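Single-structure report; data block below.
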Number of protein chains: 2
Amino acid sequence: MPKTTTTYHHGDLRNALIQAGLSILQTDGEATLTLRKVAREAGVSHAAPYRHFADKTALLSAIAQQGFDLLTAQLQAAATDFSDTPQRILLETGLNYIQFARQYPDHFRLMFGGVLRAAGPDAPLRAAAEQTFAQVVNAVATSQACGIVKAGDTHQLATTAWSMAHGLADLAVEGMLGQPTNSTADVEQIARFSLQQLLVGLLGR
Amino acid sequence: MPKTTTTYHHGDLRNALIQAGLSILQTDGEATLTLRKVAREAGVSHAAPYRHFADKTALLSAIAQQGFDLLTAQLQAAATDFSDTPQRILLETGLNYIQFARQYPDHFRLMFGGVLRAAGPDAPLRAAAEQTFAQVVNAVATSQACGIVKAGDTHQLATTAWSMAHGLADLAVEGMLGQPTNSTADVEQIARFSLQQLLVGLLGR
DNA sequence: CCAAAAAAGTTTACACTGTCAACATAATGC
DNA sequence: GCATTATGTTGACAGTGTAAACTTTTTTGG
């Protein structure tokens, strides 16, 4: 019977629950994301999730983790896209980061909203976040190699770059960028400008 | 009878509720902040808050607004402190912003977590946020006047500076700055470094 | 192969939440 | 002074997260 999908009881809940939660998150936002609704959407009883997640936070944490994985993949894809023009990698990585935040605002907010802070230093969620950060470190290292960023502590420079992109992303999601219209063009413009200003500083003369 | 405090029924609930909510927020975090607990703490029945706030979100919104006011005042105080060394104003404004976030992490997260996004473009909360931003604009204008930031669209440059500080603040609150220890010294160091990098870019040669 | 243990899912129950409607009381304005 | 409004209370309701007891399936060791 390995014909249909998997072997045991339901198929695999846990993934189904994460998927259901993700769907609710994207359509109705975190505020309305309830454990019972997730269970309903997955077609199981309201207590079933507790066989796979210790509590609601654990489910949210898993969803957040999936978000970091997705973001990591997206940044990596961008990096390979621009592997022949390495001078652009840092800029494009930043723009991609911001685009992700705007495309999945609730997912993005969940990723950086308390779940992370609550996660201990050795939680898998934190590891996933650091893998995303590693993508930024890569971009900085590449930029250093091609002379668009000065030599120096790569990790530190990457933290700086990450902060810039993250700040732009968060303010954009919150609707505080490009005050009146807040259009895609507005955000792209200010993001491009800001990242470029930082790059000038990171070149160092 | 203007002896005690105020005139009517309770004194003034609404402020008492905001204060109680603030206290809960700072000691136990947003997750445990419940409307009924706020009412209890203020010494009124569980439905009393509805005479002053349409719903829970309205209370949270008021608390967030108070946060923006506090932050604005703090940034302004920093600005006057350094009025005789204007070259430092932007740096110090940024450091102060980050310090505020670390001092009141839950308050900070509330301010930028959904309530703002949910607030319409003409909500008082948004006005309060813009007043905070105005403080950054001031710092940039001062920096331009003393030649530490190049001429150009002040508003745009301020958005850039705000994003940098905000990104640092948010990542610091989330515990993603200064990976192992995350100590105050660590955060201060990376924040100072990052802001300075940006300043180099904003000088522009 | 099959009993026994473990895993996965269900039902019932409980305390607690946000919110509403009906009611009570205090303050204010004519 | 009294009617109106502002403020606060009580009681109720649907919905929530979570734990305990129970059932069903799956796995597994003799």
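Everything quoted here is computed from the prediction, not taken from an experiment. Computation of the quantities below employed the complete heavy-atom set of this structure, encompassing side-chain atoms and omitting hydrogens, waters and symmetry-equivalent molecules. The sequence lines fix the lettering, A, B, ..., with proteins before strands; numbering per chain opens at 1.
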Assign A/Arg40 to base, sugar-phosphate, or nothing according to its heavy-atom contacts below 4.0 angstrom with the strands shown.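 Since only primed, P, OP1 and OP2 atoms lie under 4.0 Å of A/Arg40, the category is sugar-phosphate.
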How close or far is atom [atom2] of [N] from atom [atom1] of [X], stated in whole angstroms?
| X | N | atom1 | atom2 | value |
| --- | --- | --- | --- | --- |
| B/Lys56 | C/dC20 | NZ | P | 15 Å |
| B/Leu17 | C/dG18 | CG | P | 13 Å |
| B/Phe53 | C/dG18 | CZ | C1' | 15 Å |
| B/His52 | C/dT19 | NE2 | P | 16 Å |
| A/Glu30 | D/dT16 | CD | P | 15 Å |
| A/Tyr50 | D/dT16 | OH | P | 12 Å |
| A/Leu35 | D/dA19 | CG | P | 11 Å |
| B/Lys37 | C/dT17 | NZ | C1' | 12 Å |

Is any side-chain N or O of [X] closer than 4.0 Å to OP1 or OP2 of [N]?
| X | N | answer |
| --- | --- | --- |
| B/Arg36 | C/dA15 | no |
| A/His46 | C/dG9 | no |
| B/Thr34 | C/dT17 | yes |
| A/Arg51 | D/dT23 | no |

Are the aromatic rings of B/Phe108 and B/Phe68 close, with centres under 6.0 Å apart?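 Between B/Phe68 and B/Phe108, which both carry aromatic rings, the centre distance is not below 6.0 Å.
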Using a 6.0 Å cut-off, check whether atom CD of A/Gln19 has over 12 heavy atoms from anything other than its own residue.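 Count not over threshold, so no.
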Between A/Arg192 and A/Glu188, is there a salt bridge with N-O shorter than 4.0 Å?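 Counted as a salt bridge, because a side-chain N and a carboxylate O are separated by less than 4.0 Å.
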Within the side chain of A/His166, is there an N or O that forms a donor-acceptor pair under 3.5 Å with the backbone of B/Met164?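 No; judged by distance alone, with no hydrogens or angles, the pair does not exist.
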Between A/Ala47 and A/Thr32, which has a closest nucleotide on DNA chain D that is more 5'?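 Comparing both residues, the 5'-ward one is A/Thr32.
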Please report the interatomic distance CE(A/Met176) to CG(A/Asp170), rounded to the nearest 0.5 Å.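 Answer rounded to 0.5 Å: 11.5 Å.
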